[in-house]
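Attaching a single structure in structure tokens format; questions to follow.
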2 protein chains.
Amino acid sequence: MSMGSSIHSSKRAPLPRHQRQEPEYVCDVECIHPDLVAKLEKNAIDWETAVELSQIFRVMADPSRLRIISLLGEGELCVCDIASALNMTQSAVSHQMRVLRTSRLVRYRREGRVAWYALDDDHVLKLFTQGLDHLQHTSDEED
Amino acid sequence: MSMGSSIHSSKRAPLPRHQRQEPEYVCDVECIHPDLVAKLEKNAIDWETAVELSQIFRVMADPSRLRIISLLGEGELCVCDIASALNMTQSAVSHQMRVLRTSRLVRYRREGRVAWYALDDDHVLKLFTQGLDHLQHTSDEED
DNA sequence: TTAATATATGAGCATGGGTTCATCTATTCA
DNA sequence: TGAATAGATGAACCCATGCTCATATATTAA
């Protein structure tokens, strides 16, 4: 309350959301338990790490991509087969594969006209499985 | 190619994105490796599961929420302290806490005016940690 | 009761993102 | 060479979402 309270109006250049920077000031919040906060503050991940981590989860945050990942968990597939298996258009799959490629979750090789996609490593599948575990967990205890 | 190919125009009622239903037809994709697809198709997660799973990852797909989660990994905190520690406004934190509450990632108890939030279970933290592992993994092999 | 305080919430804004559609590229085959 | 085919991609549409701002609610204190 005693800290500067009219800094609100100083807007900065609007950044693309996922390159946002940590806000550098607080003006309307008073810390109630400063000792507690001081201790925990150090243990929180920094903003940059949080942004990078959020990008990983963001890729996993779409049902179509998750189904693609679960398909690829079984083996290498081409775009056309993925589209057929998941009832998606070739274009939609291709767009999604780019997202997965860009974020390094899949690798691909070209064989003539056919592009074969596969999971890049098992880290992805671990995340996927862990997510399913959580799903199971929460549906167990639903009221 | 021989299957119905002019069903495209039959648009259905536009659903909220995260209640989307699996498209029921394909009209522009031919399966190249039908045997392969037939085998893998059964192993892919169904649409409903994919949607539920995506909702979990969606909650983890925001830097602010991830920092809140990492803070709460250390112990119970009130809104005010979280806001102070992470340089967020009280309102922004409160909105995020609602998302976390709704998705059952945190539980909270009220003590007078103060609302104490804590992680609901360690599944969340496992996902979080696994994500950090993946981050470490991919930054190791960057070119 | 009145003031102060901790939190919750609705509206509105600006941006993000997944799909379709149209089109382009590259490869294979006749 | 020309047609067919697998895939990639840019534009546009429409919905999702995280924030701010203003305000409401509830609890404590004077």
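Lettering follows sequence order; numbering is per chain, from 1.
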Next on the checklist: Is there a side-chain contact between A:Thr89 and the phosphate of C:dC21, meaning an N or O under 4.0 Å from OP1 or OP2?
Outcome noted: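 Checking C:dC21 against A:Thr89, no side-chain N or O comes under 4.0 Å of OP1 or OP2.
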
Checklist entry - Whole-Å distance between C:dG17 C1' and A:Gln55 CD? => result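 It works out to 14 Å between those atoms.
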
Checklist entry - Could you state the CE-C1' distance from A:Met88 to C:dT19, rounded to the nearest angstrom? => result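 Nearest whole value for this atom pair: 8 Å.
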
Next on the checklist: Please report the distance, rounded to the nearest Å, between CD in B:Glu111 and P in C:dT7.
Outcome noted: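 It works out to 11 Å between those atoms.
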
Checklist entry - Would you write out the dot-bracket form of DNA chain C, 5' to 3', with Watson-Crick and G-U pairs under 3.5 Å, [ ] for crossing pairs, | for pairs to other strands and . for unpaired bases? => result ||||||||||||||||||||||||||||||

Please report, to 0.1 Å, the donor-acceptor pairs under 3.5 Å made by any side chain of residues 70-78 of chain B, with sequence neighbours excluded.
{"residue": "B:Ser70", "atom": "OG", "partner": "A:Ile45", "partner atom": "N", "Å": "3.2"}
{"residue": "B:Ser70", "atom": "OG", "partner": "B:Arg67", "partner atom": "O", "Å": "3.0"}
{"residue": "B:Glu74", "atom": "OE1", "partner": "A:Asn43", "partner atom": "ND2", "Å": "3.4"}
{"residue": "B:Glu76", "atom": "OE1", "partner": "B:Arg109", "partner atom": "NH2", "Å": "3.0"}
{"residue": "B:Glu76", "atom": "OE2", "partner": "B:Arg109", "partner atom": "NE", "Å": "2.7"}

Under-3.5 Å N/O pairs linking protein and nucleotides 8-13 of chain C:
{"residue": "C:dA8", "atom": "OP1", "partner": "B:Tyr117", "partner atom": "OH", "Å": "2.8"}
{"residue": "C:dA8", "atom": "OP2", "partner": "B:Ser94", "partner atom": "OG", "Å": "2.8"}
{"residue": "C:dA8", "atom": "N7", "partner": "B:Gln90", "partner atom": "NE2", "Å": "2.9"}
{"residue": "C:dT9", "atom": "O4", "partner": "B:Ser91", "partner atom": "OG", "Å": "2.8"}
{"residue": "C:dG10", "atom": "O6", "partner": "B:His95", "partner atom": "NE2", "Å": "2.8"}

Next on the checklist: I want to check one thing: is the phosphate of D:dT17, taken as OP1 and OP2, less than 4.0 Å away from some side-chain N or O of B:Gln96?
Outcome noted: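 Checking D:dT17 against B:Gln96, no side-chain N or O comes under 4.0 Å of OP1 or OP2.
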
Item to check | Partner of B:Leu100 by side chain to side chain contact (heavy atoms under 4.5 Å, CB included), out of B:Asp120, B:Leu105, B:Leu119 | outcome: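 Checked B:Asp120, B:Leu105, B:Leu119 against B:Leu100; only one passes side chain to side chain contact (heavy atoms under 4.5 Å, CB included): B:Leu105.
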
Checklist entry - Atom CH2 of B:Trp116 to atom P of C:dA6: distance rounded to whole Å? => result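 Distance check: B:Trp116 CH2 to C:dA6 P gives 12 Å.
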
Checklist entry - Rounded to whole angstroms, how far apart are CZ on A:Arg109 and C1' on C:dT27? => result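 After rounding, the reported distance stands at 16 Å.
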
Checklist entry - Between A:Asp121 and A:Arg104, is any pair of side-chain heavy atoms under 4.5 Å apart? => result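 The answer is no; the side chains never approach within 4.5 Å.
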
Checklist entry - Between D:dA16 atom P and B:Arg58 atom CZ, what is the distance in whole Å? => result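 The answer, rounded to whole Å, is 10 Å.
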
Checklist entry - Are any of the side-chain heavy atoms of B:Val79 and B:Ile82 separated by less than 4.5 Å? => result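 Not in contact.
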
Identify all side-chain donor-acceptor contacts of residues 123-131 of chain B below 3.5 Å with residues at least two apart in sequence or on another chain.
{"residue": "B:Thr129", "atom": "OG1", "partner": "B:Leu125", "partner atom": "O", "Å": "2.7"}

Item to check | With sequence neighbours excluded, residues passing side chain to side chain contact (heavy atoms under 4.5 Å, CB included) with B:Val99 | outcome: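 Residues passing side chain to side chain contact (heavy atoms under 4.5 Å, CB included) with B:Val99: B:Val59, B:Arg65, B:Gln96.
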
Checklist entry - Roughly how many Å is it from CZ in A:Arg113 to P in D:dA3, rounded to a whole number? => result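 Distance, rounded to whole Å: 15 Å.
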
Checklist entry - B:Gln55 versus B:Ser103: any side-chain heavy-atom pair under 4.5 Å? => result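 No. Closest side-chain heavy atoms not under 4.5 Å.
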
Checklist entry - Atom CD1 of B:Ile68 and atom P of C:dT7: how far apart are they, to the nearest Å? => result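 Distance check: B:Ile68 CD1 to C:dT7 P gives 13 Å.
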
Item to check | A:Asp62 side chain, from C-beta outward: closest of C:dT28, C:dG18, D:dG7 | outcome: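 The listed nucleotide nearest to A:Asp62's side chain is C:dG18.
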
Next on the checklist: Can you see if the side chain of A:Arg65 gets near the phosphate of C:dG18 - specifically, an N or O under 4.0 Å from OP1 or OP2?
Outcome noted: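 Checking C:dG18 against A:Arg65, a side-chain N or O does come within under 4.0 Å of OP1 or OP2.
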
Next on the checklist: According to ring pair (Phe, Tyr, Trp, His ring centres under 6.0 Å), who are the partners of A:Tyr117, at least two apart in sequence or on a separate chain?
Outcome noted: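 Testing A:Tyr117 for ring pair (Phe, Tyr, Trp, His ring centres under 6.0 Å), a comparison that skips the adjacent residues, returns A:Tyr108.
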
Next on the checklist: Quick one, B:Pro63 and A:Phe57 - any side-chain contact, counting heavy atoms below 4.5 Å?
Outcome noted: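 Result no, sub-4.5 Å side-chain heavy-atom pair not found.
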
